[in-house]
**Student:** 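I am attaching a structure below and will ask some questions about it afterwards.
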Amino acid sequence: MANTGIVIDPRYQEHETGVGHPERPERIGVLLSALEESMEGLSAIPPREASGEEIALVHDGAYVADVEATAHKQRFAFDPDTPTSPRSYDTARLAAGGFLALLDAIVAGEVDNGFAFVRPPGHHAERHRAMGFCLFNNAAIGAEYLRRRYGIERVLIVDWDLHHGNGTQHMFEDDPGVLYVSTHQYPYYPGTGALDESGCGSGEGYTVNVPLPAGCADAEYRDAFRRVIEPIAHLYEPQFVLISAGFDAHARDPLGGMNLSASAFGAMARSLLAVAAAHASGRCAAILEGGYDLQAICASSSQVLAELSGKAPALESPPGASRIDAVVERFVRHQKRYWKI
Ligand SMILES: [Zn+2]
């Protein structure tokens, strides 16, 4: 059994996106209700607001000032998908800071691993701009914080959100100190994440894209993890594992075209926890990205929490044969240029 830290707070509902927007306050509301019923074995970690300096670890100061300027304004839209409300700036600082509070608790040994249930999400946010429902790139801020504050040299970020995390990729694409791995529906929003986007300069090989066709289910993700992601993750020997955990690849999701069951998210978490156990003293932190079906968010996060806390049953039934062997074979061939897999 592990001691698993949880970050969640009613204030994550204060970023308002308007009627009909899928990235809505209820995403946190439904998780608050679910966790109220069972926090057994989980430790609540109070969030804090990230400082301007911490956000500027990965964002331009001028951009941070642009987001700050939306505070108290009734409404501003960075793009048609990415509106703000009077409390959005503060909520975004609390989202990034909530993740940092979780990372601090893991490094201090107060908890073994954890999950930060925050919004707004982060992985589309670029150094200099908001996009795709994201204001500040929480996962990227966390990775850079681990390196600067704690001297951690190799951080693995696995982004299993349905969408490609363009912002996170771009922030670290020339940097071997962060290995960014993404599974995503492709081609799809935001358009990035092709197989041959593998990083640049001294970061070449340290961006691993796993662009999957629409319609993939548990067996396809299982094979992509077993044949591409797990071997590369082990070879990298990360000192800390971060998960950009969106739940929009769930079959119920209204934006996504994938067919994952809730237990597939548990299986991916299990795989990454094994990487963390082998190289990072078990240090693993997940942060909520997308996921727009409330029932799917609850069921999937519950599976991930069961894995993090070591309460999941040891055996699971294998989900059958993958239908994308040739696609995965192409991923393996491409990654052999950089990794001995
Ligand atoms: Zn997404």
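Whatever order the structure lists ligands and atoms in, that order sets their numbers, starting from 1.
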**Student:** So which of the N, O or S atoms of H163 lies nearest the Zn ion (ligand 1)?
**Tutor:**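 Atom name of the closest N, O or S in H163: ND1.
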
**Student:** With a cut-off of 2.8 Å, does D161 place any N/O/S atom under that distance from the Zn ion (ligand 1)?
**Tutor:**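 Yes.
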
**Student:** ring-ring contact (aromatic ring centres under 6.0 Å, His included), that's the test. Do H128 and H59 meet it? Break it down for me.
**Tutor:** CA-CA 6 Å; H128 58 281; H59 288 289; 9.3 Å; no

**Student:** For the Zn ion (ligand 1), find the closest N/O/S atom on D248 and give its atom name.
**Tutor:**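 For D248, the N, O or S atom at the smallest distance from the Zn ion (ligand 1) is OD2.
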
**Student:** With sequence neighbours left out, what residues match E110 under side chain to side chain donor-acceptor pair (under 3.5 Å)?
**Tutor:**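 Counting only residues at least two positions away or on another chain, E110 forms no side chain to side chain donor-acceptor pair (under 3.5 Å).
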
**Student:** May I have all residue pairs that pass salt bridge (charged side-chain N to carboxylate O under 4.0 Å, His left out) and include part of residues 202-226, sequence neighbours excluded?
**Tutor:**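 Qualifying pairs: E220-R323.
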
**Student:** NE2/H124 to NE2/H164 distance, rounded to the nearest 0.5 angstrom?
**Tutor:**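 Output value for this atom pair is 9.5 Å.
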
